[in-house]
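Some notes on the structure that comes next.
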Amino acid sequence: MKRTIESDVVVVGGGPAGIMAAIAAGRQGARVLLVERYGFLGGMSTAALVYPWMTFHTESGEQVIRGIPQELVDRLMACGGSPGHLRDTVGFVHSVTPYHPELFKVVALDMLKEAGVRLLLHSFVDQVDVAGSRISQVTLTGKSGRIEARGSMFVDASGDADVAYLSGSPTLMGRDGDRLTQPMTMKFRMRGVDLEAVKRYMIENPSNFYHKTPIAELDRIPLTGIQGFYAEWRAGNVPINRDQVLLFTGPAEDEVLVNCTRVQGLDGTEVEDLTRAEEEGRRQVLLMADFLRRDVPGFANASISAVGTQIGIRETRRIDGEYRLTIEDVVAGRSFPDAIARSGYPVDIHDPSGKGVKAAWIGGDGAYDIPYRCLVARSVDNLLAAGRCISTTHEALATTRLTPSCMATGQAAGTAAALAFQSGTTAGGVDLNRLREALVRDGAVL
């Protein structure tokens, strides 16, 4: 016999977007259930070692993401789990936010409990029941059998638009034409890195690194990221389809996060493709570690200290919502009357089939608005999306997928879900003035 859990708001996905959504809905007074497939929180930030968070700021340094995401950073700082926002020494964005994943998991748990959220780990949504134009329940599968999770409102923060897809709401995948997605990456950490030697080499060889690297400032700011080692990469003949090395420092003083493996042409929603990706990604980790030890200054005594629990996924399904954010919206720094979040992260497309990364910068004041309509699913009245699976084009997803932006849309989706429940309306019928006032009251920047 199936067990049943009754809630006002059901949030599916315990990554940063889902955490923010659940906290926001709980703080609005709703009974909230948060469902997560792993035995821990954090999504790609913990399971796939996506690190650091980037970025809460515009290129000029204006902070455009605050609210509950900033509260999380503040609480991590208070317990030694983050140094806060630091300059990005790659030079791609203004700031990055390093964090300790194990402390993040616990701080997130604390914040959820304080908001009265019920958490169900080790639970996977495999069925969505729709009556008319509303989801009545989602069915979870886990060690204890099947559980029916009923609610008035649902937030899809799965990253893969699982709830939307299973409900029959329209979804999109990849770029137009061939539906190819940005590549997957198996991230890993190495300890024993001589970061002072790396920094000296960067200062002595500036042309071997990304052209926006703030070389002149490296003697007075912490080293947070490195993109380059172009000469070493060309000479190393590593059989990975990319053109440079990308590293981020920390959390330990002799540690780096390596973001260099690249698995292309596979579908992150197909288990056979995911199986192949996990195998290929782990083999590439060993190739990269050997190359770094052999050819890159500062790595002679380094060793692998951690590999992602799963491969990192940049792009799979996303909802086709009431509005689809475009690259034109982003680069114009466009404003919208129904804005529920802002972002200063540029477009950053890891080529689905080639070696490089295509970037496009934000005009105007350096930030663009994310409209509420991007969170509202079509054909299902009580479903909102948050995080990586909101409604965008393939190109615009290359900015909204970044964690701080996902956190901001999560806070908005959770707030909207609670307001919709309280007023007895649909996701699309939420009073926008009331929603925006609640977000501003809770610290969001609009």
Side-chain angles (χ1 to χ4, degrees), residues 49-52 54 86-93 96 98 182-219 221-264 280-308 311-312 314 348-351 353-359:
L49 303 184
V50 174
Y51 168 97
M54 53 195 303
L86 303 177
R87 281 289 306 282
D88 171 26
T89 57
V90 167
F92 189 71
V93 292
V96 296
Q182 294 190 64
M184 304 181 217
T185 293
M186 183 67 77
K187 300 184 187 233
F188 65 102
R189 286 193 165 95
M190 298 187 79
R191 295 289 303 270
V193 181
D194 185 345
L195 288 171
E196 282 303 315
V198 172
K199 184 185 285 191
R200 288 195 304 273
Y201 182 81
M202 292 174 70
I203 293 170
E204 294 167 0
N205 300 273
S207 64
N208 202 22
F209 296 90
Y210 182 57
H211 69 278
K212 295 179 73 175
T213 300
I215 297 291
E217 300 178 54
L218 290 183
D219 58 351
I221 62 174
L223 184 65
T224 58
I226 306 107
Q227 180 173 320
F229 291 111
Y230 300 123
E232 289 80 4
W233 183 261
R234 287 192 296 269
N237 294 316
V238 183
I240 296 174
N241 196 27
R242 60 180 295 125
D243 55 8
Q244 32 74 17
V245 174
L246 180 59
L247 311 166
F248 295 97
T249 64
E253 292 182 356
D254 66 340
E255 191 169 23
V256 298
L257 185 284
V258 184
N259 182 350
C260 289
T261 70
R262 178 170 279 197
V263 179
Q264 295 170 308
E280 183 177 341
R282 293 181 194 281
R283 293 185 187 281
Q284 288 187 16
V285 164
L286 301 183
L287 291 172
M288 276 302 311
D290 287 344
F291 159 73
L292 290 167
R293 281 191 294 262
R294 182 184 67 241
D295 294 340
V296 174
F299 280 79
N301 297 315
S303 61
I304 295 172
S305 56
V307 182
I311 197 163
R314 292 183 175 87
D348 172 26
I349 306 174
H350 294 246
D351 197 300
S353 54
K355 288 179 177 288
V357 174
K358 297 176 183 177

Does the side chain of D348 reach to within under 4.5 Å of the side chain of F92, using non-hydrogen atoms?
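A side-chain contact under 4.5 Å exists here.
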Beyond-backbone contact of R282 with F188, side-chain heavy atoms, under 4.5 angstrom:
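The answer is no, as the side chains (C-beta and beyond) never meet within the 4.5 Å cut-off.
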Distance (rounded to the nearest 0.5 Å) between [X] [atom1] and [Y] [atom2]:
X: R242; Y: Q284; atom1: CZ; atom2: CD; value: 9.5 Å
X: I215; Y: E204; atom1: CD1; atom2: CD; value: 11.0 Å
X: T224; Y: L247; atom1: OG1; atom2: CG; value: 11.5 Å

With a 6.0 Å cut-off (strictly less than), is the heavy-atom count around NZ of K355, excluding the residue itself, greater than 12?
yes
Is it true that atom CG of N301 has more than 12 heavy atoms of other residues, nucleotides or ligands lying nearer than 6.0 Å?
no
Only counting residues at least two apart or in another chain, list the ones meeting side chain to side chain contact (heavy atoms under 4.5 Å, CB included) with [X].
X: A306; value: L49, R189
X: D194; value: E196, A197
X: Q227; value: V90, Y210, Y230, Q244, L246
X: L286; value: I304

Excluding sequence neighbours, so at least two apart, what forms ring-ring contact (aromatic ring centres under 6.0 Å, His included) with F229?
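Only Y201, F209 meet the ring-ring contact (aromatic ring centres under 6.0 Å, His included) criterion with F229.
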With [X], which residues qualify under salt bridge (Lys or Arg N to Asp or Glu O under 4.0 Å), at least two apart?
X: K212; result: E59
X: R87; result: E217
X: R200; result: none
X: R293; result: D290

T213: which residues meet the side-chain hydrogen bond (donor to acceptor under 3.5 Å, both in side chains) condition with it, sequence neighbours left out?
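side-chain hydrogen bond (donor to acceptor under 3.5 Å, both in side chains) check on T213 returns nothing, list empty.
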Partners passing side-chain hydrogen bond (donor to acceptor under 3.5 Å, both in side chains) against R283 (at least two apart in sequence or in another chain)
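Checked R283 against side-chain hydrogen bond (donor to acceptor under 3.5 Å, both in side chains); matches are E279.
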Shortest non-hydrogen contact from [X] toward [Y]:
X: W233; Y: I240; value: CZ2-O, 3.7 Å
X: F248; Y: G225; value: CD2-CA, 3.9 Å
X: A216; Y: D219; value: O-OD1, 3.5 Å
X: A289; Y: M190; value: CB-CE, 4.0 Å

For side chain to side chain contact (heavy atoms under 4.5 Å, CB included), just list the numbers for V198 and F299, CA-CA rounded to whole Å, side-chain angles, deciding distance to a tenth of an Å, and then say yes or no.
CA-CA 8 Å; V198 172; F299 280 79; 4.3 Å; yes
Would you be so kind as to tabulate the donor-acceptor pairs closer than 3.5 Å made by side chains of residues 249-260, with sequence neighbours excluded?
from: T249; atom 1: OG1; to: L223; atom 2: O; distance (Å): 2.6
from: D254; atom 1: OD1; to: R191; atom 2: NE; distance (Å): 2.5
from: D254; atom 1: OD1; to: R191; atom 2: NH2; distance (Å): 3.0
from: D254; atom 1: OD2; to: G192; atom 2: N; distance (Å): 3.0
from: E255; atom 1: OE1; to: A252; atom 2: N; distance (Å): 3.1
from: E255; atom 1: OE2; to: S305; atom 2: OG; distance (Å): 3.3
from: N259; atom 1: OD1; to: R314; atom 2: NH2; distance (Å): 3.4

Would you say the side-chain atoms of D351 and Q264 include a donor-acceptor pair closer than 3.5 Å?
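Looking only at side-chain atoms, Q264 and D351 do not form any donor-acceptor pair under 3.5 Å.
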With a 3.5 Å distance limit and no angle check, can you tell me whether T261 reaches the backbone of T185 through a side-chain donor-acceptor pair?
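Flag not set: sc T261 to bb T185 has no pair under 3.5 Å.
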So, R262 side chain and G354 main chain: donor-acceptor pair closer than 3.5 Å or not?
yes
Side chain to side chain contact (heavy atoms under 4.5 Å, CB included), that's the test. Do V307 and M186 meet it? Break it down for me.
CA-CA 7 Å; V307 182; M186 183 67 77; 3.9 Å; yes
Tell me, with the steps shown, if E232 and V245 meet side chain to side chain contact (heavy atoms under 4.5 Å, CB included).
CA-CA 9 Å; E232 289 80 4; V245 174; over 6 Å; no
